[in-house]
There are 2 protein chains.
Amino acid sequence: MGEYKNTKLDDVFTAMSDGTRRAILARLAQSDARVTELANDFPISLNSTSKHIRILERAGLVTRAVQGREHVLTLNAGPMAEAMEWMEYYRQFWEHSLAALEDFVIKKRKQDQRRSKKQ
Amino acid sequence: MGEYKNTKLDDVFTAMSDGTRRAILARLAQSDARVTELANDFPISLNSTSKHIRILERAGLVTRAVQGREHVLTLNAGPMAEAMEWMEYYRQFWEHSLAALEDFVIKKRKQDQRRSKKQ
DNA sequence: CCTATATTCACCCTTATGGGTGAATATAAA
DNA sequence: TTTATATTCACCCATAAGGGTGAATATAGG
């Protein structure tokens with residue numbers, strides 16, 4: 001509500017909105033890797049991989065260390081914390097829904113039990 | 001990694017990647033609202049609002065109840081749970097980073113204390 | 001110096017966003 | 001029945017994604 005131009009969150013959520021990029025993050029969670037190594041792991045070109053990395057860097061989720069001609073990418077999950085915080089506020093809503101669903105199921109089961117006793 | 005075409009997560013993260021849509025979700029967290037009501041709360045046209053709502057619906061974050069000519073939108077935070085779960089895996093990484101940073105700061109402080117005693 | 005490797009730059013193409021306007025549609029109300 | 005309201009549909013425009021290819025750049029290694 002207060003927020004309106006939180007471009008930081010924009011970038012983080014955008015970065016995570018693509019399956020290939022999520023897979024790159026998962027890969028980097030195992031160990032650092034170079035651009036070419038990442039490209040080999042996915043069915044897309046080196047150039048395409050490079051572009052995905054740029055989007056991840058923009059979100060701050062990946063850090064680049066240039067060592068000569070090699071660029072070593074490192075996972076930096078930090079920015080996810082802010083995204084989690086934002087979503088945390090909504091936890092009450094889905095947990096409330098689940099609780100309501102549970103209540104419904106339990107009441108329904110008791111109802112059914114009463115019915116079966118009458119028969 | 002295992003996942004690769006999780007279009008559900010794609011849709012949820014995409015829906016949350018825009019400030020206006022995040023604001024709409026925050027608004028609906030207060031109470032249900034009609035399309036026109038939402039449009040009045042934001043500096044964009046009714047049509048643009050309608051499009052944002054479609055994207056939120058695609059992600060399952062908003063539900064529509066048509067009552068005559070009025071469409072009542074309801075927040076459905078459920079799909080955020082899956083997104084949270086996905087991000088939860090990465091918590092270790094940013095918490096680890098924070099812990100490492102804390103260690104560094106503490107050691108640095110002690111170092112500085114030793115130095116000031118020597119002077 | 002020459003060559004191979006690692007990445008990016010500069011493009012092309014297609015589709016999706018994000019914004020707009022005006023018209024069509026559906027329903028409520030006079 | 002006519003009119004007003006609520007929402008969407010059909011477009012237009014600009015920009016960003018997501019994919020590709022070929023060339024340029026930078027550095028490592030003979």
Side-chain angles (χ1 to χ4, degrees), chain A residues 3-28 31-74, chain B residues 3-28 31-74:
Chain A
E3 60 148 341
Y4 214 81
K5 269 260 167 107
N6 193 331
T7 56
K8 188 77 183 299
L9 272 184
D10 284 19
D11 288 346
V12 174
F13 280 128
T14 296
M16 297 188 296
S17 72
D18 179 87
T20 299
R21 284 194 292 270
R22 288 195 301 275
I24 290 177
L25 292 173
R27 167 66 185 74
L28 292 177
S31 74
D32 293 356
R34 288 178 303 116
V35 181
T36 308
E37 288 172 339
L38 290 178
N40 288 336
D41 288 356
F42 305 103
I44 56 173
S45 72
L46 175 64
N47 273 353
S48 199
T49 307
S50 179
K51 288 180 198 171
H52 280 302
I53 293 168
R54 201 185 317 146
I55 292 174
L56 290 167
E57 279 187 288
R58 186 184 62 191
L61 291 169
V62 158
T63 297
R64 180 189 307 255
V66 179
Q67 298 174 356
R69 64 182 167 179
E70 300 184 351
H71 296 202
V72 177
L73 290 324
T74 305
Chain B
E3 60 150 340
Y4 215 83
K5 269 258 167 112
N6 191 331
T7 56
K8 189 78 184 299
L9 272 184
D10 283 19
D11 289 346
V12 175
F13 280 127
T14 296
M16 295 188 298
S17 72
D18 179 86
T20 299
R21 284 194 292 269
R22 288 195 301 275
I24 289 176
L25 292 173
R27 166 66 185 76
L28 292 178
S31 73
D32 292 357
R34 289 178 304 117
V35 182
T36 307
E37 287 171 339
L38 290 178
N40 289 336
D41 287 357
F42 305 104
I44 55 174
S45 72
L46 175 65
N47 273 352
S48 200
T49 307
S50 179
K51 288 181 198 171
H52 280 302
I53 293 168
R54 202 185 319 145
I55 291 173
L56 289 166
E57 278 186 289
R58 185 184 63 192
L61 291 170
V62 157
T63 297
R64 180 189 306 255
V66 179
Q67 300 174 355
R69 63 181 168 180
E70 300 184 352
H71 296 202
V72 177
L73 290 324
T74 303

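Per chain, numbering begins at 1; letters A, B, ... match sequence-line order.
- Between A/Leu73 and A/Thr63, the closest side-chain pair of non-hydrogen atoms is not below 4.5 Å.
- Fit an axis to the five pairs at each end of the helix from C/dC1-D/dG30 to C/dA30-D/dT1 and the two axes sit 10° apart, to the nearest 10 degrees.
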Margin query: Walk along nucleotides 12-24 of chain C from 5' to 3' and tag each nucleotide B, S or - by protein heavy-atom contact under 4.0 Å, base first, then sugar-phosphate.
Written below: -----SSBBBB--
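- Here the side chain of B/Ser50 pairs no donor or acceptor atom with the backbone of B/Leu46 at under 3.5 angstrom.
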Please report, to 0.1 Å, the donor-acceptor pairs under 3.5 Å made by any side chain of residues 31-39 of chain A, with sequence neighbours excluded.
residue, atom, partner, partner atom, Å
A/Ser31, OG, A/Arg27, NH1, 3.3
A/Asp32, OD2, A/Thr74, OG1, 3.2
A/Glu37, OE1, A/Arg34, N, 2.8

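- Atom CG in A/Asp10 sits about 15 Å away from atom C1' in D/dA17, given to the nearest Å.
- Within the 4.5 Å cutoff, side-chain heavy atoms of B/Phe13 are placed close to those of A/Arg22.
- Within the model, atoms CG of B/Leu28 and CG of B/Leu61 stand 10.5 Å from one another, a figure rounded to the nearest 0.5 Å.
- Pairs engaging residues 50-63 of chain A under the salt bridge (charged side-chain N to carboxylate O under 4.0 Å, His left out) rule: A/Asp11-A/Arg58, A/Glu57-A/Arg64 [sequence neighbours left out].
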Checklist line | side chain to side chain contact (heavy atoms under 4.5 Å, CB included) evaluation trace for A/Ile55 with A/Asp18 | finding: CA-CA 10 Å; A/Ile55 292 174; A/Asp18 179 87; over 6 Å; no
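- Atom-to-atom, CZ of B/Arg54 to C1' of D/dA10 comes out at 11 Å; the value is rounded to the nearest Å.
- For D/dT8, the OP1/OP2 oxygens have a side-chain nitrogen or oxygen of B/Ser50 closer than 4.0 Å.
- No side-chain donor-acceptor contact under 3.5 Å links B/Thr7 to the backbone of B/Asp10.
- Remark: side-chain polar atoms of A/Thr49 are paired, donor with acceptor, to backbone N or O of A/Ser45 under 3.5 angstrom.
- Contacts between residues 63-74 of chain A and DNA chain D, defined by a heavy-atom separation below 4.0 Å, involve A/Gly68, A/Arg69, listed by number.
- Side-chain N or O atoms of A/Arg21 include one that pairs as donor or acceptor with a backbone N or O of A/Thr14 at under 3.5 Å.
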